[in-house]
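Order of appearance sets the numbers: ligands from 1, and atoms from 1 within every ligand. Residues: numbered from 1 along the sequence shown.
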Amino acid sequence: MSSLKFLALASLVTTAAVAAETAKPDAETMKRGQAVYTRTCLACHQPTGMGLPPVFPPLAGSEWIAKGASIAVRNITNGMMGPVTVKGVTYNGMMPPVTGVTDKDIADVVTYVNNSCGNTGPVVTDADVAGIKKKYADRKTPWTAAEYETDGQ
Ligand code: HEC
């Protein structure tokens, strides 16, 4: 391969990688995600994702959402308890596991939360969710912020 061809190919690959990283969810995904949010998160985290301090923490602008999809997926699967500081306020409550949701529902709702309420984050697929669940399949009890501090992903 000529070096010119190689360069052209390399730049194509780079462009594709950047496009994947910055891909925005489509409107249908956001609509499905919002429906799951309304059904399974809204009662506590509120319509705007602002939570209800000091009882329910916000998802809007949350540093835990910004850390990556794994935390939200693990919270949904096993719940979360104990002290957690979100945007400067310390909460010490209990999020129960969210039941009655498929991997696709979880992917859609996490994508929705990542890209609403002022958040900007990645699109999450059901394959991503299945991979995270498999990685932590032995987990039976709620997660803690202390664990997420040391193992965000
Ligand atoms: C019954 C109330 C309740 C429901 C329903 C609920 N949560 Fe939570 N959530 C909480 C509480 C309480 C905490 C803080 C737990 C703690 O103190 O350790 C929390 C913490 C979190 C956190 C980490 C802290 C933060 O604010 O970023 C994430 C992420 C999260 N929830 C996402 C979700 C998503 C997504 C859903 C819906 C699929 C959901 N939660 C449904 C009550 C709830």
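- Only backbone heavy atoms of N92 (N, CA, C or O) come within less than 4.0 Å of ligand 1; its side chain stays farther off.
- Ion pair R32/D108 flagged as a salt bridge, since at least one NZ, NE, NH1 or NH2 atom sits closer than 4.0 Å to an Asp/Glu carboxylate oxygen.
- Close approach of ligand 1 to P58 is summarised as follows: ligand atoms under 4.0 Å from at least one heavy atom of the residue are 25 (C), 26 (O), 27 (O).
- Here the side chains of T77 and V129 are not in contact, with every heavy-atom distance at 4.5 Å or above.
- Within the listing of ligand 1, atoms 29 (C) sit less than 4.0 angstrom from a heavy atom of I65.
- The shortest distance between side-chain heavy atoms of M80 and Y148 falls below 4.5 Å.
- With a 4.5 Å cut-off on side-chain heavy atoms, D105 and R39 count as touching.
- Among protein atoms, those of element N, O or S found less than 2.8 Å away from atom 8 (Fe) of ligand 1 are H45 NE2, M95 SD.
- At least one heavy atom of G82 lies less than 4.0 angstrom from ligand 1.
- Residues T144 and E147 are in side-chain contact: their nearest non-hydrogen atoms beyond the backbone lie under 4.5 Å apart.
- The nearest non-hydrogen atom to atom 24 (C) of ligand 1, considering only V86, V55, T40, V73, comes from V86.
- Side-chain heavy atoms closer than 4.5 Å link hydrophobic residues (I, L, V, M, F, W, Y) into clusters, and following such links, even through other members, never connects Y91 to M81.
- Within a 6.0 Å radius of CE in M30, more than 12 heavy atoms belonging to other residues, nucleotides or ligands are found.
- For ligand 1 and G93, the ligand atoms under 4.0 Å from any heavy atom of the residue are 16 (C), 17 (O), 18 (O).
- By the 3.5 Å distance cut-off applied to N or O atoms, S62 is counted among the residues near ligand 1.
- Of the N and O atoms on the side chains of N114 and T111, not one donor lies less than 3.5 Å from an acceptor on the other residue.
- Counting heavy atoms under 4.0 Å from ligand 1, residue P96 touches it through the side chain alone.
- The shortest side-chain heavy-atom distance between S116 and Y37 does not fall under the 4.5 Å cut-off.
- Proximity of N78 to R74: side-chain heavy atoms (C-beta onward) are nowhere separated by under 4.5 Å.
- Close approach of ligand 1 to M94 (heavy-atom distance below 4.0 Å) involves ligand atoms 12 (C).
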